[in-house]
Amino acid sequence: MDYNFREIEQKWRTFWGENKTFKTVEDLEKPKFYVLDMFPYPSGAGLHVGHPLGYIASDIYARYKRLQGYNVLHPMGYDSFGLPAEQYAIETGQHPAVTTEQNIKRYRQQLDKIGFSFDWDREIRTSNPDYYKWTQWIFKQFFNSYYDNKADKAKPIGELIKIFNEKGNKDVDTSNSCSIVFTAEEWRDFSEERQQEILQDYRLTYLAETWVNWCPKLGTVLANDEVVNGRSVRGNHPVVQKKMLQWSMRITAYAERLLQGLEQLDWSDAIKEQQRNWIGKSVGASVFFMIDGHNEKIEVFTTRPDTIFGVSFMVLAPEHLLVEKITTSEYKEKVTEYQKEASLKTERDRQANVKDISGEFTGAYAIHPFTGEKIPIWIGDYVLASYGTGAVMSVPCGDQRDWDFAKYFNLPIKNIFKDIDVSEGAYTEKDSVIDNSDFLNGLPYKEAFEKAIEEIEKRGFGQKKINYRLRDAVFSRQRFWGEPFPIYYKGNTPYVIEDEYLPITLPKVDKYLPTEDGDPPLARAKREDWNYFNGDRMEYNTMPGWAGSSWYFVRYLDPKNDDEFVAKDKVEYWKNVDLYIGGSEHATGHLLYARFWTKFLYDLGYLPFDEPFQKMINQGMILGRSSLAYRIKDSNTFVTLSKKDDFEASAIHVDISLVDNDKLNVERFREWREEYKNAEFITEEDGSFICGSEVEKMSKSKYNVENPDDLVERFGADTLRMYEMFLGPLEQSKPWDTKGINGVHNFLRKFWRLFHDKEGNFAVSEEKPSKESLKTLHKTIKKVTEDLNRYSFNTVVSTLMICVNELNDQKCHHREVLEPLTVLISPYAPFIAEELWTKLGHEEGTVSQASFPVFEEQYLVESSHEYPVSFNGKMRFKLELPLDLAPKDIEKVILEHEKSQKWLDGKIPKKVIVVPGKIVNVVV
RNA sequence: GCCUGGGUGGCGGAACUGGUAGACGCGCUGGAUUCAAAAUCCAGUUCCGGCAACGGAGUGCGGGUUCGAUUCCCGCCCCAGGUACCA
């Protein structure tokens, strides 16, 4: 019997499904291992060959760990709230739940074909009320918590209220946005509404007026990472700035812990660095400058307090609140004009004109805190209102932007660096010695930095300060297809809904669009459409896409629990994810938010770990290889690749199924589309038409998409799995090439043939295999184990190929070799392995319950080694020598060898290096 | 600009801690089988010279350390991803 992969794969797919082979239960006897994929959004387009890449790798690893005796948790689910389903609903009136359900069905079918060992009993969907009940519950925990800076953790808001009642807010050290100070008496006298308003400033999720990225076309707010170059990532629509009352998450309270936590994670440097940059910690000082003739001061943030004596002017952002107050009448007109211009500029324009220097003098002066000098105050749009305090102390000798500004407006440039020339530009290195700076003179950077802060604090015009670029995360979306908030309003005051009424399910609406007043779609629901209603109105916003994905990895541990988001004993057993595989595009979104929520739930004692994903691998993208035909301008004539430069021709994407090895099937091309029916061709000399090619993203519009279903049908899932791994290192982006899949398919057939005779009968020998075959086997076990341990999935495939090639040459058909080899290959090619495992006589279990073979040194012991002999580092010949030969004797044998004579050419070698068991190098 | 990766045959890639560069696969060339094709099998395939034995060059470029460098160090070029008036 030949290798009938279709029959075999169908058989085992059914078997695994019926027997729930990969169902996982807690087992305290076994060590746990949690392997997780980033769960997909089930889009209508289905999967292309790039999607399963990460899933295949994680599945291989999950199967490998299982064979090693671990209790492996390997679940899958769907991030099923999202914009595409909603857009489709707007267009067709179809409820997003319906389309989502259909898409999930299709995803499941495609996934099942590939033979993943997921425990489908643990499947979750973020849009399922059983699931989002707990997303709402977690939101409530954020609402009911504040951040205690002293304890460096979140605590119940009740504790804070108690403190307010007893002592007011004077001494509390929290992460907050409260700008007033009150006593206990005052607190108690506040109205309920006022108290709630103040508490908002302390809660870890709170309502606040915020500048948001508003996308008019999508009718929603977008997160910063959903906007690129002033346009929405989804749909590429323009995005403008708008002020709205929004729910926010106080992620800034966790900035330092999110930064520190990275140290202990086994993630790529690139991702860690991205998160570090995103958090953007800078250490410096906050300094106050009095304004001459006003009872006002300007607060600036600087990372270079050591250069404070170099300040020769100040610049405020055009939007800065003090500008109105301090501008003198003489300069009023110009300043107002400049402010107007700046406000009209979009963020994009400001970025595009980095080189254009602009600004206006306000007519006002600040007083230098140390020297008492009068410093002119300017406004300029290179200072951003949204960062720091929106004001800078300008030190032209130490900052290039300040230097440029000073040069342009002819402002003084005071040099405070010893022996450094600043006439051509600012000196931004930190290796100089301070000069011209009173008490800082003669100090190097680090000492001057500390000394400056010390003096600033001592004299009371500022303090050391740490600034973060990270902003609180906006948590409201004006969409329908998301989690409703567990919130109702009395007047303008929000109240959370009691646990017993959760989940608050999505109400029925007549349309999925905003109302005429611009309220979100949920405002369309009538009172009776809600499964719970209280107060004057319900919250109309829904949660953002990242809400459900910020904690889903926990729900897999206990997916059906209706009393808790996860049971204590389950989370104690499984803990966090040991291996997480997914794309790197989530670096500053999902991966940051999930870490934030985990730390928060850890603070409240709900989770026994504070980092969700211990080890992460980011798989690269599989790119498509597009085929291009060149059409001569204004004609229907196409020209073959080698002659295209003789014409004025433009490239047209051709469906890759019409092209074989760059050769276009001209007949089928004519049939492909009506417009090419009468196409003419200028061919190569041999009459063939050759296409050009380009490596780019897989997309329908480029006709370069390969569908995994087709490949499974033609070659089998085992072949597809192995080939995707064989393409190259997992993390790397690489082009897809369907041609190469044959090589892997042939390998599996060769492997199958080791177990069968010429007639196709199962024929495995019970005799003792040769020493050589055992050596091949154990060499392979060793390499495969090592490679899997370092996640080198591609080289494992090569190793297995080499092994099968060698066994084939050795005519090895022995059980003692083939049985362990079957287990070895099973993580990659589970279907064929199951079939052969059964044939080998294991009727009882499946190969997934076998034990991973362990390599034995004894089979690899060599008595001799083929020494490469180099002369001056260049390998010239090889010589087989016993391994127990002493280096001195090796040297002797080599030098006396006839081939050496030629290279020595009568000369005496200067030096002979013998590395026993490795190489010999002769220096002439 | 800054940060993080990376640059090896016609292509994807291998070489894990400095020790035979190009494993494995694709493609290509030749041969066997076949009426023919597909499939399969065998041989060859880094480049240059040579029928060959063999010789020379060679891991983006230039330099260095070393008996020996794809691997380590210095300078530069190019590609990909991220990020940006962040004070």
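Within every chain, numbering begins at 1; the chains are lettered A, B, ... in the order of the sequence lines, protein sequences first and strands thereafter.
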Could you list, one pair per line, each protein nitrogen or oxygen that sits under 3.5 Å from a nitrogen or oxygen of nucleotides 66-68 of chain B, together with the distance?
{"unit_1": "C67(B)", "atom_1": "O2'", "unit_2": "N921(A)", "atom_2": "ND2", "d": "3.0"}
{"unit_1": "C67(B)", "atom_1": "O2", "unit_2": "N921(A)", "atom_2": "ND2", "d": "2.8"}

* Sidechain N-carboxylate O distance under 4.0 Å for E696(A), R625(A) -> no
* Lys/Arg-Asp/Glu bridge criterion (N-O < 4.0 Å) met for K272(A), E263(A) -> no
Nearest-angstrom distance from the residue atom [atom1] of [X] to [atom2] of [N]:
X       : N      : atom1 : atom2 : value
K739(A) : G10(B) : NZ    : C1'   : 15 Å
N805(A) : C24(B) : CG    : P     : 8 Å
L623(A) : C11(B) : CG    : P     : 17 Å
E786(A) : U17(B) : CD    : C1'   : 12 Å
L879(A) : G19(B) : CG    : P     : 21 Å
D809(A) : C42(B) : CG    : C1'   : 12 Å
K430(A) : C2(B)  : NZ    : C1'   : 13 Å
D381(A) : C86(B) : CG    : P     : 13 Å

For nucleotides [N] and [M], find the distance between their [atom1] atoms and express it as a whole number of Å.
N      : M      : atom1 : value
A14(B) : G25(B) : C1'   : 11 Å
U71(B) : A52(B) : P     : 33 Å
G49(B) : U40(B) : P     : 34 Å
C24(B) : G9(B)  : C1'   : 14 Å
U70(B) : U59(B) : P     : 7 Å
C41(B) : C51(B) : C1'   : 28 Å
G18(B) : G68(B) : C1'   : 8 Å
G58(B) : U4(B)  : P     : 32 Å

[X] side chain: which of [options] is closest?
X       : options                : value
N746(A) : C26(B), C85(B), C24(B) : C26(B)
S798(A) : U20(B), C24(B), A15(B) : C24(B)
R401(A) : G27(B), A87(B), U20(B) : A87(B)
T795(A) : A14(B), C24(B), C86(B) : A14(B)
V915(A) : G19(B), C26(B), G25(B) : G19(B)
L384(A) : A87(B), C16(B), C41(B) : A87(B)
D269(A) : C85(B), A23(B), G5(B)  : G5(B)
K918(A) : A87(B), A23(B), G19(B) : G19(B)
R749(A) : A23(B), A14(B), U40(B) : U40(B)

* **Point-to-point distance, once rounded to the nearest 0.5 Å, from CE of M616(A) to CD1 of I271(A)** => 4.5 Å
* **Interatomic spacing from OG1 in T719(A) to CG in L711(A) - rounded to 0.5 Å** => 10.0 Å
Hey, does [X] reach any base, or is it just sugar-phosphate, or nothing, if we go heavy atoms under 4.0 Å?
X       : result
N794(A) : sugar-phosphate
D402(A) : nothing
K878(A) : base
T303(A) : sugar-phosphate

* Nearest-nucleotide comparison on RNA chain B, the residue closer to the 5′ end among F301(A) and N808(A) -> N808(A)
* Between R304(A) and E273(A), which is nearer to the 5' end of RNA chain B once each is assigned its nearest nucleotide? -> E273(A)
[X] and [Y]: side chain donor to acceptor below 3.5 Å:
X       : Y       : answer
S432(A) : Y445(A) : no
N704(A) : K697(A) : no
Y382(A) : D402(A) : yes
T795(A) : S792(A) : yes

* To do: Please list all pairs passing the salt bridge (Lys or Arg N to Asp or Glu O under 4.0 Å) test where one or both residues lie in residues 728-749 of chain A, with sequence neighbours left out.
  => D660(A)-K739(A)
* Asked: For F5(A), which residues count as a side-chain contact (heavy atoms from CB on, under 4.5 Å) partner, sequence neighbours excluded?
  -> Y3(A), E9(A), H745(A)
Pairwise N/O distances under 3.5 Å, protein to nucleotides 54-57 of chain B:
{"unit_1": "C54(B)", "atom_1": "O3'", "unit_2": "K902(A)", "atom_2": "NZ", "d": "3.4"}
{"unit_1": "G55(B)", "atom_1": "OP1", "unit_2": "K902(A)", "atom_2": "NZ", "d": "3.1"}
{"unit_1": "G56(B)", "atom_1": "OP2", "unit_2": "R876(A)", "atom_2": "NH1", "d": "3.0"}

* Hey, does the side chain of Q732(A) come within less than 4.0 Å of G5(B)'s phosphate (OP1/OP2), counting only N and O? -> no
* **Distance test, side-chain N/O of Y387(A) to OP1/OP2 of C85(B), below 4.0 Å** => no
* Is the cationic atom of K297(A) (NZ for Lys, CZ for Arg) positioned less than 6.0 Å from the six-membered ring centroid of F288(A) and within 45 degrees of its normal? -> yes
* **Aromatic W278(A) / basic R469(A) pairing, under 6.0 angstrom, 45° off normal** => yes
* To do: Can you see which heavy atom on C691(A) is nearest to which on V659(A), and at what distance?
  => SG-CG2, 4.1 Å
* Asked: Of the non-hydrogen atoms in I413(A) and A406(A), which two are nearest, and what is the gap between them?
  -> CG1-CB, 3.9 Å
* Reading RNA chain B 5' to 3', how would its secondary structure be written in dot-bracket notation, given Watson-Crick and G-U pairs with both distances under 3.5 Å, brackets [ ] for crossing pairs and | for partners on other strands? -> (((((((..(((......[....)))((((((.......))))))((((....))))..(((((..]....))))))))))))....
Look at the rings of [X] and [Y] and say which category their plane angle falls in: under 30° parallel, 30 to 60° tilted, over 60° perpendicular.
X       : Y       : value
H756(A) : W752(A) : parallel
F871(A) : F877(A) : tilted
W378(A) : F405(A) : perpendicular

* Assign G55(B) to syn or anti; the rule is syn for a glycosidic angle within 90° of 0 and anti otherwise. => anti
* Structure fact -> Per-nt protein contacts along nucleotides 78-83 of chain B (heavy atom under 4.0 Å; B base, S backbone sugar-phosphate only, - none) come out as ----S-
